[in-house]
Amino acid sequence: MLTLLLACPVLAQSDDPVLMTIAGQDVRRSEFEYALNKNTKGALEKDHRKIEAYVPMFVNYKLKVRAALDARLDTTEAFQKEFKVYRDAQLKPYLSDENYIDSVARNVYAEEQRAVGDSDLLRLSHIMIIVPQKADAAEDEKARQRIDSIYQVLKQGGDFAMLARKYSDDKASAANGGELPLIGPKSTLPEFERQAYALKAGEMSKPFRSTMGYHIILMRQRSKLEPYDVQKAEIVRLLKARGIEQDAQEHKIAKMISDSNGKLTREDVMRNVEAEAVKQSPQLQYLINEYHDGLLLYNICDQYVWKKAAADKKGKEAYYKKNRKRYVWDEPHFKGYVIQGHTQKLVDDAVNYFNKQKDGEGIAAYEKQFIGKTQRQVGVVYGVYGKGDNKFVDYLRYGGAAPKTNRVFPYYGLAGRMISKPETYTDVLGKLTSDYQDYMEQEWVKQLHKRYDVKINSDVLATVNKH
């Protein structure tokens, strides 16, 4: 895996000099340029001051990835599974097996030949009025009269496609003017097939009954099965829509394993495919490495920063007290419970109950006390809300528009009070947690700089995007 991570496009060192060394690992100019130009979308071009400003971000990124490698996060089963899924997806174009796809397509065509025999294939349109299976005589007669009315309009020159779009109950075909997919023998209802094969091209059937309801058929074209070379493109298109390419890739991998007489595993094969693919497309290695490193970065930040910060109540409280001036409001906020209920009385009872509770408390006890009696008939959420944060608070405390409700919870109310400034760190928990995560990440990065050596070749940096 480390070899994979550190692999670079095959270039002479003089063409791709070492730009920096991070924790003993060389980073060549091409790798830095790939990240720079992709992440800035070419906006920096050759502005050296802006390129230099990007260097610290890149270095910090690499330091975090190195820390993740040292923590062996790349060896976990979850990481390996997710990474290989992405890597293998990038290698799919290099596992194409046209011979396999062609062989499957020929088998499909052969089956079609056997099914069709000497019969014609039919291209037709239809209008259908559905009759439910349990319909009584009156319902059946109503459907028959509808189809007869449509038939009379058609006999007088009515447009078949327009009438199908407007009246046919087969909505899938109606959207296409009643046009159905190509029909062959034994591919549809027997009574429908009998009526269809009795028509010549351009003819229209009289209304007839099937187990589904009433139909009118317009025969558009009858023809024999076309040769395989003519049909191949359409068959392959349908096969690809059903995942034939993935089947072909797995077939090719299995064959490569078989041809090695059991010496190669699936992973060995994929590594070999990757090595050959990178020779053809050197940038592919950077794309794979980018996902590999990005996945490591997410995992280590989640473990060392995000989850830690979210769970560190004492740390957040201390950070809030130290930076209290950063957490001020321009206007009062509502602090309390937002209640929705099935009846007004349920809401009123809940409002009275929660007005007697301490901030944020009582919800679990309330649900336990009323379980079964008001289960799923009252919903309660606690929070601190500014203008625009909640439609019920906006209406009842800020004079906003009346909120839309649903039939399950048409009534609503609030239990709590307005506060002019945060009373505790939990009143600004969302923003505080984000800020605290940033703070913890900055402290962590400082530790990484102390832990790992970073050397930058300023002469090579001056040539970035200029060679």
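Residue numbers start at 1 and run along the sequence shown.
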### Message
salt bridge (Lys or Arg N to Asp or Glu O under 4.0 Å), that's the test. Do Glu33 and Lys38 meet it? Break it down for me.
### Response
CA-CA 8 Å; Glu33 288 178 334; Lys38 181 173 183 177; over 6 Å; no

Side-chain donor/acceptor of [X] to backbone N/O of [Y], under 3.5 Å:
X: Ser96; Y: Pro93; answer: no
X: Lys316; Y: Tyr425; answer: no
X: Ser173; Y: Asp170; answer: yes
X: Asp302; Y: Tyr298; answer: no
X: Lys171; Y: Ser168; answer: yes
X: Asp394; Y: Gly388; answer: yes
X: Asn176; Y: Gly178; answer: no
X: Thr433; Y: Leu429; answer: yes
X: Asp389; Y: Gly386; answer: yes

Regarding [X] and [Y], does a basic nitrogen lie under 4.0 Å from an acidic carboxylate oxygen?
X: Lys314; Y: Glu317; answer: no
X: Glu331; Y: Lys421; answer: no
X: Arg114; Y: Glu111; answer: yes
X: Arg28; Y: Glu31; answer: no
X: Lys255; Y: Glu250; answer: no
X: Asp359; Y: Arg417; answer: yes
X: Arg222; Y: Asp120; answer: yes
X: Glu77; Y: Lys81; answer: no
X: Asp268; Y: Lys263; answer: no
X: Lys64; Y: Glu441; answer: yes
X: Asp70; Y: Arg66; answer: yes

Atom [atom1] in [X], atom [atom2] in [Y]: separation rounded to 0.5 Å?
X: Leu264; Y: Ile253; atom1: CG; atom2: CD1; value: 12.0 Å
X: Leu36; Y: Asn465; atom1: CG; atom2: CG; value: 5.5 Å
X: Ser281; Y: Glu276; atom1: OG; atom2: CD; value: 11.5 Å
X: Lys186; Y: Ser119; atom1: NZ; atom2: OG; value: 9.5 Å
X: Asp293; Y: Ile288; atom1: CG; atom2: CD1; value: 12.0 Å
X: Glu52; Y: Leu461; atom1: CD; atom2: CG; value: 5.5 Å

Which atom pair, heavy atoms only, marks the closest approach of [X] to [Y]?
X: Tyr366; Y: Ala350; answer: OH-CB, 3.6 Å
X: Gly336; Y: Tyr385; answer: O-CE1, 4.1 Å
X: Ala23; Y: Tyr452; answer: CB-CD2, 3.5 Å
X: Ala71; Y: Tyr304; answer: CB-OH, 4.1 Å
X: Gly294; Y: Tyr61; answer: N-OH, 3.6 Å
X: Asp97; Y: Ala248; answer: CB-O, 3.9 Å

- Would you sort out whether Lys252 and Asp259 count as a salt bridge (Lys or Arg N to Asp or Glu O under 4.0 Å), showing the intermediate values? CA-CA 10 Å; Lys252 188 168 185 177; Asp259 290 346; over 6 Å; no

Residues, nucleotides or ligands: over 12 heavy atoms within 6.0 Å of [X] [atom1]:
X: Met256; atom1: CE; answer: yes
X: Asn406; atom1: CG; answer: yes
X: Tyr411; atom1: OH; answer: no
X: Lys322; atom1: NZ; answer: no

Are Lys335 and Asp427 close enough, and set up right, to give a salt bridge (Lys or Arg N to Asp or Glu O under 4.0 Å), and what steps lead you there?
CA-CA 8 Å; Lys335 182 176 183 177; Asp427 293 343; 3.0 Å; yes

Could you go through the side-chain hydrogen bond (donor to acceptor under 3.5 Å, both in side chains) check for Asn355 and Tyr337 one step at a time? CA-CA 9 Å; Asn355 271 328; Tyr337 305 83; over 6 Å; no

- prompt: Would Arg123 and Glu179 count as a salt bridge (Lys or Arg N to Asp or Glu O under 4.0 Å) if you check the C-alpha gap in whole Å, the side-chain angles of each, and the deciding distance to 0.1 Å?
  reply: CA-CA 8 Å; Arg123 292 191 179 278; Glu179 184 177 342; 5.2 Å; no

Quiz question: by atom type and distance under 3.5 Å, do the side chains of [X] and [Y] form a donor-acceptor pair?
X: His251; Y: Gln246; result: no
X: Asp102; Y: Tyr228; result: yes
X: Tyr286; Y: Ser30; result: yes
X: Tyr291; Y: Glu82; result: yes

Ring centers of [X], [Y] separated by less than 6.0 Å:
X: Trp444; Y: Tyr439; value: no
X: Phe79; Y: His292; value: yes
X: Tyr54; Y: Phe32; value: yes

**Message:** One pair to check against side-chain contact (heavy atoms from CB on, under 4.5 Å): Leu121 and Glu226. What are the steps and the verdict?
**Reply:** CA-CA 10 Å; Leu121 292 173; Glu226 295 176 312; over 6 Å; no

Checking Gln285, Gln90, Lys279 against Glu274 for side-chain hydrogen bond (donor to acceptor under 3.5 Å, both in side chains), the one that qualifies is Gln285

side-chain hydrogen bond (donor to acceptor under 3.5 Å, both in side chains) with Arg29: of Asp15, Asn457, Thr463, Asp16, only one passes, and it is Thr463

Trp306 and Tyr436: CA distance, side-chain angles, deciding distance, ring-ring contact (aromatic ring centres under 6.0 Å, His included) verdict
CA-CA 9 Å; Trp306 302 329; Tyr436 188 57; over 10 Å; no

